[in-house]
Number of protein chains: 2
Amino acid sequence: MTLHDVAREAGVSIATASRALNGSARNVRTENASRVRAAAAKLDYRPHPSAQAVARGSTPTVALVVGDVADPYFSAIAAGVTQAAEAAGLVVTMAVAGRSPQRELELVRTLRGQRPRVIVLAGTRIDGTTASTAPKDGRAVDGAAASAAPGDGRAVGGTDTRGALVGELEEYQAAGGRVVMVSQRDLPFDTVTIDNTGGAHRLARALAGAGYRRFAVFRASESVRTSRDRVAGFTAGLRAAGISLDDRFVIETEFTRGGGYEAARKLAERGADEVEIVFAVSDVMAIGAMTAFRDAGLVPGEDIAVAGFDDIDSAIDVTPALTSVAVPLREAGQEAMRLALGGGPAPDAVQISTRVVLRESTPARR
Amino acid sequence: MTLHDVAREAGVSIATASRALNGSARNVRTENASRVRAAAAKLDYRPHPSAQAVARGSTPTVALVVGDVADPYFSAIAAGVTQAAEAAGLVVTMAVAGRSPQRELELVRTLRGQRPRVIVLAGTRIDGTTASTAPKDGRAVDGAAASAAPGDGRAVGGTDTRGALVGELEEYQAAGGRVVMVSQRDLPFDTVTIDNTGGAHRLARALAGAGYRRFAVFRASESVRTSRDRVAGFTAGLRAAGISLDDRFVIETEFTRGGGYEAARKLAERGADEVEIVFAVSDVMAIGAMTAFRDAGLVPGEDIAVAGFDDIDSAIDVTPALTSVAVPLREAGQEAMRLALGGGPAPDAVQISTRVVLRESTPARR
DNA sequence: TTGAAAGCGCTACCAG
DNA sequence: CTGGTAGCGCTTTCAA
């Protein structure tokens with residue numbers, strides 16, 4: 001079952017057998033090649049990837065680090081990466097960072113040991129690698145100081161674990177590995193980003209076009225870049241349509257279903273007559289908000305319109321169906337592999353575009 | 001950066017360094033051991049898993065085969081497996097079979113090459129490994145003929161690819177590997193199953209207890225074991241409560257959202273006055289059904305009650321919130337690892353229990 | 001306890 | 001084009 005056996009069975013040297021089975025192109029006489037293949041088939045030979053790895057110095061694998069497999073956000077990306085990787089003959093090894101920067105660093109270290117061809121980091125949507133367990137007071141040290149422009153939020157991220165991570169990845173890259181970040185820009189690696197700003201911009205214009213004038217926005221904390229970008233794009237879109245957003249109706253809340261519920265409850269409580277429509281920066285928030293409105297006696301889509309962002313599956317399951325912006329996460333994953341496999345020089349970047357989907361939660365006015 | 005360097009730095013032989021860092025227990029003088037560890041730390045040494053693998057003959061990994069990462073059913077299982085595996089210091093490599101038995105076989109072959117410690121197959125919920133691409137006429141040959149009792153549905157499954165798969169896994173197991181199947185029983189491997197029958201049974205009793213008497217059931221094709229089990233459990237539960245199910249109201253449809261919609265549409269069309277409540281064998285079907293009822297002018301939860309199975313996230317996002325049976329998929333994944341890691345002799349089995357969750361879609365009657 | 005050395009299975013360089 | 005053969009980095013007898 002080893003190459004040795006195959007070679008003997010085929011009556012050639014082990015070197016020839018190796019070449020016929022794996023090595024570079026046509027340097028084996030066709031006849032010999034087929035004898036080897038026959039022998040391999042007969043003996044049910046399977047190459048030993050680890051042995052190949054130690055001999056060549058790298059494994060035909062792509063290491064994928066996600067925050068949480070069960071989160072549709074990550075699993076959609078994972079699906080894309082897996083699909084593209086398998087098409088390229090690469091096996092995916094997946095690790096879960098659980099939104100902890102330390103864990104992420106640890107994993108990258110371990111994974112590097114496996115000598116994968118590619119490392120893909122599908123980070124969270126929070127600034128500074130992942131920030132949920134990071135100190136909130138901003139005194140964290142950022143390892144990649146040179147490029148940490150003040151005010152862009154990158155300073156969040158735990159005492160130097162971010163710097164260590166970047167260092168680790170840079171070494172890996174210098175040694176010939178490919179690194180791709182999904183939705184984390186500003187790092188010296190290939191990057192796939194999502195067009196949050198543009199999508200929100202177009203959504204705003206579409207809603208303005210549908211006749212809406214008085215908007216409310218439910219957004220997450222400033223440190224959530226995704227939220228920030230979406231709000232920025234949305235505001236700009238409104239402005240382009242000649243509409244201004246009243247600060248009183250921009251409500252900061254959690255980036256969760258509960259957050260959306262809470263914000264809507266508050267809004268309904270203090271009287272929502274002045275707003276015709278709510279834009280929540282994510283679908284789960286929007287869905288929570290719809291329930292809250294209903295609980296407060298307002299019928300979503302009639303008394304108050306609601307729009308979200310992400311176009312998650314349940315957007316069409318709720319009543320009324322939710323207007324949203326579709327984010328092709330799976331494509332983002334595929335694109336990440338394309339970047340990794342395409343030869344381009346390292347710090348390359350592509351942006352995945354998003355698409356507005358109007359549904360019954362935002363009926364055209366009049 | 002190799003063991004060699006560490007050994008030199010510590011002034012010991014490479015063999016000693018190996019023993020100090022990885023090998024079996026206390027056979028190294030404590031002083032030497034700590035010197036080696038110090039050297040390793042100083043040099044930032046990272047062992048090369050592939051080299052270890054080729055030397056020892058196995059990798060500290062668990063190979064996980066799922067049908068589709070983006071499907072919450074699989075991603076929840078994957079999350080559990082990953083969590084437990086990481087806790088045990090194992091890396092997970094994931095492969096996607098895309099519901100094709102051939103692909104699954106191919107993957108197992110490839111994965112075996114990696115010499116993983118464990119192989120976990122999270123099969124589909126269809127009989128015969130995966131049946132979607134299998135012939136429908138039942139003339140398929142089943143490789144594991146001996147145990148293929150007629151009528152238990154196992155005959156479905158593509159010309160011997162199932163037999164080949166079993167053979168492949170048996171060889172692997174004989175060579176010391178551990179195999180665990182999730183939700184596929186009747187195979188000579190460790191198995192984690194979901195208590196579909198019991199859950200459905202309890203659901204039926206709970207609904208009977210809430211005052212319901214006239215039931216309809218939306219089920220999938222007979223070849224979908226999950227559906228079959230749930231229907232069987234449900235029927236038994238009703239019987240236990242002294243209720244019988246009218247065959248006219250057992251509707252076979254697709255195991256999808258669209259299937260649920262279609263079934264409900266038909267039922268509403270021919271008049272649903274005779275039924276008080278519909279049990280759909282999955283939540284997605286139930287949700288589709290709710291929409292269809294609404295489209296037909298019936299208010300779910302008022303004019304007609306609806307219950308599902310799985311307790312997917314959106315069960316609480318729909319209106320009214322859906323009564324369902326929670327299936328702890330993540331735990332199933334963890335349990336799979338526990339089986340694999342626990343020493344028990346191979347064909348062991350555990351069942352994951354399910355829990356009824358009553359919500360507004362099935363208000364108590366009167 | 002420790003070191004020397006024989007592999008593990010495969011690749012790739014070097015002569016032929 | 002092909003066959004030796006020297007590694008790849010690590011584990012594990014086998015003596016010492």
Side-chain angles (χ1 to χ4, degrees), chain A residues 1-37 39-40 43-61 91 109-110 112-117 175-177, chain B residues 1-37 39-40 43-61 109-117 175-177:
Chain A
M1 24 160 125
T2 86
L3 196 53
H4 192 237
D5 303 317
V6 177
R8 194 159 30 72
E9 172 79 21
V12 300
S13 82
I14 157 175
T16 300
S18 170
R19 287 189 277 253
L21 259 19
N22 318 310
S24 40
R26 290 287 95 74
N27 17 354
V28 172
R29 206 193 319 164
T30 2
E31 188 199 315
N32 268 344
S34 48
R35 299 179 48 145
V36 171
R37 266 191 303 268
L43 268 44
D44 191 28
Y45 164 78
R46 238 71 66 65
H48 191 312
S50 296
Q52 303 188 135
V54 55
R56 337 194 221 240
S58 93
T59 5
T61 61
V91 169
R109 279 204 225 277
T110 308
R112 249 193 89 189
Q114 319 224 50
R115 314 296 193 274
R117 209 91 83 205
Chain B
M1 24 161 122
T2 87
L3 196 52
H4 192 237
D5 304 317
V6 176
R8 195 158 31 71
E9 172 81 20
V12 301
S13 81
I14 156 175
T16 301
S18 170
R19 288 189 274 254
L21 259 17
N22 319 309
S24 40
R26 289 287 97 75
N27 15 356
V28 172
R29 205 191 320 163
T30 3
E31 188 200 314
N32 269 344
S34 48
R35 299 179 47 143
V36 171
R37 266 191 302 268
L43 269 44
D44 191 28
Y45 165 78
R46 238 73 66 63
H48 191 313
S50 296
Q52 302 189 134
V54 55
R56 315 199 238 243
S58 92
T59 7
T61 62
R109 279 204 226 275
T110 307
L111 292 171
R112 249 193 89 190
Q114 319 223 50
R115 316 296 195 273
R117 210 89 84 206

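All chains are named by letter (A, B, ...) in the order of the sequence lines, taking the proteins before the strands, and each is independently numbered beginning at 1.
Remark on DNA chain C: of its neighbouring residues A:Tyr45 and B:Ala15, the 5'-side contact belongs to B:Ala15, judged by nearest-heavy-atom nucleotide. Taking for each of B:Ala33 and B:Val54 the nucleotide of DNA chain C with the nearest heavy atom, the 5'-most of the two is the partner of B:Ala33.
Distance from the side chain of B:Thr2 is smallest to D:dG9 among D:dT2, D:dG9, C:dT2. Set against C:dT11, D:dG3, D:dG9, the side chain of B:Ala51 has D:dG9 as its closest nucleotide. The side chain of A:Ser18 lies closest to C:dT11, out of D:dC10, D:dT2, C:dT11.
Rounded to an integer number of Å, the gap from A:Arg46 CZ to C:dC10 P is 12 Å. Between the CD1 atom of B:Ile14 and the P atom of D:dT11 there is a distance of 9 Å, given to the nearest Å. Remark: P of C:dC8 and CE of A:Met1 are 12 Å apart, rounded to the nearest angstrom. Spacing between atom CG of A:Leu3 and atom P of D:dG3 amounts to 12 Å, rounded to whole angstrom units. Rounded to an integer number of Å, the gap from NE2 of A:His4 to C1' of D:dG3 is 12 Å. We find that NE2 of B:His48 is positioned 11 Å from P of D:dC8, with the value rounded to whole Å. The interatomic distance linking B:Gln52 (CD) with C:dG7 (C1') rounds to 16 Å, in whole Å. Atom CZ in A:Arg35 sits roughly 17 Å away from atom P in D:dC1 (whole-Å rounding).
Proximity of a side-chain donor or acceptor of B:Thr59 to a complementary backbone N or O of B:Ala53 within less than 3.5 Å is not detected.
The phosphate of C:dT11 (OP1 or OP2) has a side-chain N or O of A:Arg56 nearer than 4.0 angstrom. Residue A:Asn32 has a polar side-chain atom (N or O) positioned under 4.0 Å from OP1 or OP2 of D:dT2. The side chain of B:Thr16 contributes an N or O atom lying less than 4.0 Å from OP1 or OP2 of C:dG3. Put simply, A:Asn22 has a side-chain N or O that comes within less than 4.0 Å of OP1 or OP2 on C:dT11.
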Could you please spell out the steps behind the side chain to side chain contact (heavy atoms under 4.5 Å, CB included) verdict for A:Arg56 and A:Ser58? CA-CA 6 Å; A:Arg56 337 194 221 240; A:Ser58 93; 5.5 Å; no
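For B:Arg19 and C:dG3, a side-chain-to-base donor-acceptor distance below 3.5 Å is present, hydrogens and geometry of angles not being considered. Not a single donor-acceptor contact under 3.5 angstrom links the side-chain atoms of B:Arg115 to the base of C:dG9.
By the 4.5 Å heavy-atom criterion applied to side chains, A:Ser50 and B:Arg115 are not counted as neighbours.
For the residue pair A:Arg37 and A:Ala20, the shortest heavy atom distance occurs at NH1-O, 4.4 Å. Counting all heavy atoms, side chain and backbone alike, A:Ala17 lies closest to A:Ala7 at CB-CB, 4.0 Å.
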